[in-house]
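I have placed the structure first, in the form of structure tokens, so that the comments after it can refer back to it.
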Amino acid sequence: MADNIYTKRLDGRKMDELRKMSAEVGVIPNADGSATFSFGSTVAIAAVYGPKPLHPQHLQNPKKGIIRCNYDLLSFSVTERKRPGPSRRSQEISRIIEWALEPVLGLDEFPGTVIDVHLMIIQADASTRCAAINAAAIALAHAGVPMKDLVSSVSIGKLDKQLVVDVSKEEEDYHEGEGATDIAMTFMSNSDKVLALQLDGKITPEGLKEAVKLGRKATKEVHNLQVKVLKEYLEKTGGGD
Amino acid sequence: MEISNLTKNRIKEYLNKGTRFDGRELTEFRDISIETGISNKAEGSARVKIGKTEVLAGVKMSISEPYADGPEDGTMMVTVELLPLSSPNYELGPPKFKAIELGRITDRGIRHSGFIDFKKLCIEEGKKVWTIFIDIYSINDNGNLVDASAIAAVAALRDAKIPVINEETGRVKFGEWTEERLPLVMEKNPINITFSKIGNSIIIDPISEEEDSAESRVSIGLITYDKKVMISSIQNGEPTEFGIDELGKIFDKAEEMYLKLGKDVNNKIEEAIKRNNKK
């Protein structure tokens, strides 16, 4: 079998190195909770409104609250302008994010309500859904929604035969050898539970097991940052704003 | 539609004993039947039945401008319509989320498998490429439309012939076809296998009642690449918590199923196309 040809990352990062991450809590004063999260030049902003009464009432669940996510790219966040408004892609990703967040939320405490989570990508450079999920988790915590754990997400790539952490747009378009495989994975931060898994490309089942392990490790770094910014925010505001 | 808790609990009781309502093993597919050439106006078409579940897929092609990021690449679009004739649960109107999701999963399964050689669908670089429309309709939904749609899409693609181009207008001459088939990479043989989690059990090819009882699912697209079985797409559905080891077992099972099912489906498509050619 041919040797792996992706031996150096296009942006010079180590194979298991995330792009520079940053996050900020409380960026939208109107929202009950809000945050930004970025992987390099991918920037997501999240706002949480609720729990609040759900209208129309027939959508209410009398046993528990529901979560509604709305993920989208701003029209100017990508090279070729994206037509404003929901697309098939954004509707699908919104639902996947809902599914990834729901298991950690104490929705049983808020019957008949809805938590709206708005997630907008301001600047897109791959891993936008992962950045959105990470921002959403911080914003939900900021909103004071009971959570049994934080949620952390990262993309693992396979370029030719090499696994890499946090795929960039350049890497996403890699065509040499076996090409690019992009695997977005979301974990419950403090347990080994996988909350969402999406893959496009090609990888052996064994390789995929490796990739999941690598993703688990990388999300711990994401989690550390999420906790750090939440703590700093609490210290700065005393939690009362 | 939500089924009664009574039925859900009974399904779980059965699964805990390792059986199912229709007597199948937990990871056993129902019988699959495939017909091609079911609509002669289409470039290619197929009818796929998995047990009582039935879908139709048709391929139509037109000439269009390529996308800016792929001036030499043909394009493809997959849509799934859940017809009200196929189930009391479906209503008329714009596509709801389930149809969008089915279309997206099927699209990615085909697109990322490398089954279609998009470069060979270029007519004039940067100006003209073939666009392949794959439209899938549910005829009877008795569960597992997702795996059925993927098989139907592959069968319709393999059945398709490229239309004749009108040299003067540069457009497709409707109703006339060349003898040329689509540029497909047969060895890749893409298949989609969806695993559903019900209680502590993981099953494949659920019937409707099982699908409604499932807490979550994960669809895995597989191909053959470099003589190895590879996973080419994954998508999970519904809120879920999969253990890392549990997922590992699913990946292994998917590989094992692919080796069996891939061959079976491949043979059935080949037979269907042969039968069709004789007509």
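The basis for the numbers below is simple: all heavy atoms, side chains too, and nothing from hydrogens, waters or symmetry mates. Each chain gets a letter, A, B and so on, in the order its sequence line appears, and its residues count up from 1. Source: prediction; values computed, not measured.
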Tell me which of these, B:Gly103, B:Pro95, B:Pro239, has more heavy-atom pairs under 4.5 Å with chain A than the rest. B:Pro239
Can you say whether A:Glu92 sits under 4.5 Å from chain B via the side chain, the backbone, both, or neither, judging by heavy atoms? both
Taking the side chain as C-beta and beyond, is there a heavy-atom pair between B:Glu241 and A:Val194 under 4.5 Å? no
Would you indicate whether B:Glu124, at its atom CD, is surrounded by more than 12 heavy atoms from other residues, nucleotides or ligands within a distance under 6.0 Å? yes
Would you mind checking which part of A:Ile203 comes under 4.5 Å of any heavy atom in chain B, side chain (CB onward), backbone (N, CA, C, O), both or neither? both
Quick check: closest heavy atoms across B:Asn236 and A:Trp99, and the distance to 0.1 Å? O-CZ3, 3.7 Å
B:Gly248 to A:Lys209 - nearest heavy-atom pair and separation: O-CE, 3.5 Å
Student check: side-chain heavy atoms of B:Asp69 and A:Asp173 closer than 4.5 Å: no
Quick one: do B:Asp252 and A:Glu206 satisfy side-chain contact (heavy atoms from CB on, under 4.5 Å)? Show the steps, please. CA-CA 8 Å; B:Asp252 290 341; A:Glu206 287 310 313; 3.8 Å; yes
Below 4.5 Å from any heavy atom of chain B, which atoms of A:Glu98 appear? Answer side chain, backbone, both or neither. neither
Below 4.5 Å, heavy-atom pairs only: which of B:Gly237, B:Gly243, B:Ala254 has the largest tally toward chain A? B:Gly237
Side-chain heavy-atom pair B:Met230, A:Glu178 within 4.5 angstrom cut-off: yes
Quick check for you: to the nearest 0.5 Å, what is the distance between A:Leu195 atom CG and B:Ser216 atom OG? 10.5 Å
Does atom CD (B:Glu65) have a neighbourhood of more than 12 heavy atoms from anything else shown, all under 6.0 Å? no
Judged by modelled atom types alone, do B:Glu101 and A:Gln91 share a side-chain donor-acceptor pair under 3.5 Å? no
Hey, what do you get for CG (A:Leu199) to CZ (B:Arg108), rounding to the nearest 0.5 Å? 9.5 Å
A:Ala100, part contacting chain B, at a heavy-atom distance under 4.5 Å: neither
Under 6.0 Å from the OH atom of B:Tyr67, do we count more than 12 heavy atoms belonging to anything else shown? no
B:Ala68 and A:Glu80 have their tightest heavy-atom pair at CB-OE1, 3.6 Å
Pick whichever of A:Gly201, A:Gly207, A:Pro103, A:Ser191 has the most heavy-atom pairs under 4.5 Å with chain B. A:Gly201
Close side-chain approach of B:Phe242 to A:Lys193, heavy-atom, < 4.5 Å: no
Side chains of B:Ile100 and A:Arg88: does their closest heavy-atom pair fall under 4.5 Å? yes
B:Lys127 NZ: over 12 foreign heavy atoms closer than 6.0 Å: no
Under 4.5 Å from a heavy atom of chain B, the part of A:Arg89 involved: both
As an exercise: rank A:Leu197, A:Asp192, A:Thr204 by heavy-atom pairs under 4.5 Å with chain B and give me the winner. A:Leu197
Quick test of your reading of the model: are A:Asp200 and B:Arg111 salt-bridged, counting only N-O distances below 4.0 Å? no
Would you indicate whether the side-chain heavy atoms of B:Ile231 and A:Lys202 approach each other to under 4.5 Å? no
Which portion of B:Leu247 sits near chain A, non-hydrogen atoms under 4.5 angstrom: side chain
Measure the CD1-CD1 distance between A:Ile183 and B:Ile234 for me, rounded to the nearest 0.5 Å. 7.5 Å
